[in-house]
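The next block holds one structure in the form of structure tokens; read it before the comments.
Values in this document were obtained by computation on a predicted structure and should not be read as measured data. Numbered from 1 within each chain, the chains take letters A, B, ... in sequence-line order.
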Amino acid sequence: MSGTFWFSKVPLNPDEHRASLADPAAGGYAGFEGWVRDHNEGRRVQRLEYEAFEALAIKEGERIVAEAIRQFGVRHAACVHRIGDLAIGDLAVWVGVSADHRAEAFAACRYIIDEVKHRVPIWKKEHYVDGNSGWVNCERCAQPAAHVHAHDHAHDARGDIDRSATPAIVPDYSRQMALPEVGTAGQARIDAASVLVIGAGGLGVPVLQYLAAAGVGKLVVVDGDTVEASNLHRQPLYDIDDIGKPKAEVAAHRLRRLNPSITIEAVPEPANAANVDALVAAADVVVECTDNFRSKFLVNDAAVRAGKPAVFASVYQYEGQLQVYRPSPEVPCLRCLWPNAPKDGLVGNCAQAGVLGPVPGTLGALQAMETLKLILGLAEESPDSLLVLDLLTLTTRKMRAKRNPACTHEIDANAPAVAQDEMEVSFASLEAARSAGFELIDIREGWERDFDPPHLRIERHLALSDWLHGHASIEPGPRYLIVCAHGVRSLGLTERLRELGIPSVYSLRGGLSALSDGRAPPEA
Amino acid sequence: MSKTVHVQYYAVLREQAGRSTEQVETHASTPAELYDELQRRHDLALPREMLRVAINEEFGEWTRPLESGDRVVFIPPVAGG
């Protein structure tokens with residue numbers, strides 16, 4: 001033996017293992033022994049065989065022991081698991097912990113055995129008295145251990161130690177397989193599918209939960225944001241301890257617990273021009289769940305290029321829109337419907353909209369449903385409608401849209417696309433921006449300016465609503481810096497003004513809230 | 001000649017119009033003229049280029065003829081999630 005977790009082909013000797021934990025500072029020792037018993041789930045068991053993918057299993061096992069030592073502050077800990085043939089009564093697994101006090105010793109010991117049973121890929125073949133035999137765990141069940149385990153919170157130590165030595169996590173899909181349209185063949189299709197989910201927020205959470213629960217074989221979660229307190233009311237996959245942590249990784253961790261038999265990959269960055277094509281190419285279905293037009297059109301274009309179906313949804317207060325794109329000559333893409341790709345911040349701006357959690361929840365559930373229909377071959381051949389739901393009046397409306405013959409279905413390669421980076425500038429203070437020669441324009445609405453401290457006062461005020469009404473304009477010449485609360489509306493207006501032929505317009509990146517002397521503006 | 005159409009607003013237009021539906025008596029001959037008229041009446045902020053119009057459950061052109069009894073939906077794109 002070496003290390004803190006290992007496998008043994010020969011019978012275990014607890015006395016010897018315990019001696020290795022001795023420490024003059026330790027006030028106690030707690031040990032656990034798992035034994036082979038003569039029954040499992042109602043069947044009489046005669047003997048057992050254990051197998052493990054050792055390289056992987058040892059790594060995960062050592063990680064668990066290290067977590068226990070760190071979390072509970074114990075002196076030493078170790079775990080050894082048998083492999084090979086075992087008889088009834090044999091010692092299958094041993095865990096030992098030495099610690100200054102008994103409480104930590106018991107807690108760490110329990111943590112180790114619970115986590116080993118959940119996370120270490122070990123297979124158990126039971127030989128029954130009736131002459132039959134069966135592998136109780138399976139490769140798919142052990143798969144989560146092959147992924148980087150997101151240690152983003154303390155694991156609960158509520159494992160059921162009365163169960164057999166391996167957890168045998170086999171999802172039960174019987175309720176969905178009972179549908180004639182699903183059955184064994186449909187479940188196999190779901191199992192073989194790879195779905196890319198872009199955005200793990202209000203829409204993405206239900207999409208991810210339903211698709212993971214349904215057994216979609218591979219889910220890729222793309223989100224560059226961290227969990228914020230203001231997310232929780234509509235993103236109940238997360239909890240209060242997750243605030244500040246990367247959404248993609250927290251989501252992946254939770255989903256692995258929901259369905260350990262599937263593969264979940266976390267991409268903790270937003271979809272962008274550099275990564276979107278590779279992500280889309282690797283997926284069978286793309287689900288767009290972000291809250292911004294930039295990402296929606298980026299994903300639309302990538303789906304069109306790759307010939308992949310994409311499911312789009314978005315919400316505004318009590319309403320939602322749902323559109324499914326399929327690579328077919330009849331089906332409109334997002335750009336067919338919205339030829340003037342909207343600018344973020346100009347339509348229904350972030351400071352004024354609000355949302356009740358079940359609205360994105362409903363739309364996200366519809367996206368999950370459309371995705372499963374695509375996987376199962378139950379989707380309309382040529383979806384040509386935008387579905388609009390109004391959850392206040394509980395009315396739905398399907399509006400047919402034609403493929404636009406003038407649509408390039410992709411961003412116009414000839415259009416001089418101005419990179420976002422080129423339109424945004426960062427400053428630590430408004431004073432620094434003025435010193436750099438910018439003329440500042442505050443485009444927030446009047447009520448947002450009511451409580452500005454003096455150093456955040458911007459003389460020139462042209463509210464976004466005035467711009468949209470055509471009541472605001474600027475004379476060409478000076479270099480303008482457009483300012484709003486978070487930098488979304490200002491970037492949208494900057495893009496529009498550039499298109500209108502005013503080149504010397506810039507947006508303050510992150511808005512007032514990003515200034516070093518800024519303040520939290522009124523909550524969006 | 002005056003005609004009556006049924007108008008539905010969505011998203012920020014609904015907020016600004018202060019209603020989700022209304023019957024409108026109008027002389028407008030196209031959805032574009034109708035929107036211009038309603039934009040003035042309700043002080044709607046969004047310019048027409050940012051919207052789509054659907055007539056009788058089908059997205060259509062702003063310049064198509066408007067007929068009495070048409071169900072006209074003005075809809076902006078939304079991005080929330």
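- A donor-acceptor contact shorter than 3.5 Å links the side chain of Gln367(A) to the backbone of Glu288(A).
- Most heavy-atom pairs under 4.5 Å with chain A, from the set Glu57(B), Glu49(B), Glu58(B): that is Glu57(B).
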Does the pair Leu203(A) and Thr290(A) meet the rule for a side-chain contact (heavy atoms from CB on, under 4.5 Å), with working shown? CA-CA 7 Å; Leu203(A) 294 165; Thr290(A) 70; over 6 Å; no
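- Highest contact tally toward chain B, considering only Leu386(A), Asp390(A), Leu337(A), Leu392(A), is held by Leu337(A) [criterion: heavy-atom pairs under 4.5 Å].
- For Leu334(A), no part lies under 4.5 angstrom from a heavy atom of chain B.
- Contacts of Val315(A) with chain B are made by both backbone and side-chain atoms, with heavy-atom separations under 4.5 Å.
- In this structure, Gln39(B) contributes its side chain and Leu44(B) its backbone to a donor-acceptor pair below 3.5 Å.
- Separating the CG atom in Asn231(A) from the OH atom in Tyr238(A) is a distance of 8.0 Å, to the nearest 0.5 Å.
- Looking at Gln16(B), there are no atoms closer than 4.5 Å to chain A (heavy atoms on both sides), in backbone or side chain.
- Comparing Ala401(A), Ala313(A), Pro360(A) by heavy-atom pairs within less than 4.5 Å of chain B, the highest count is held by Ala401(A).
- Contacts between Lys296(A) and chain B at a heavy-atom distance below 4.5 Å involve the side chain alone, from C-beta outward.
- Side chain of Glu445(A) to backbone of Ser465(A): a donor-acceptor contact under 3.5 angstrom is found.
- Across all their heavy atoms, Leu51(B) and Pro76(B) have their closest contact at CD2-CB, 3.8 Å.
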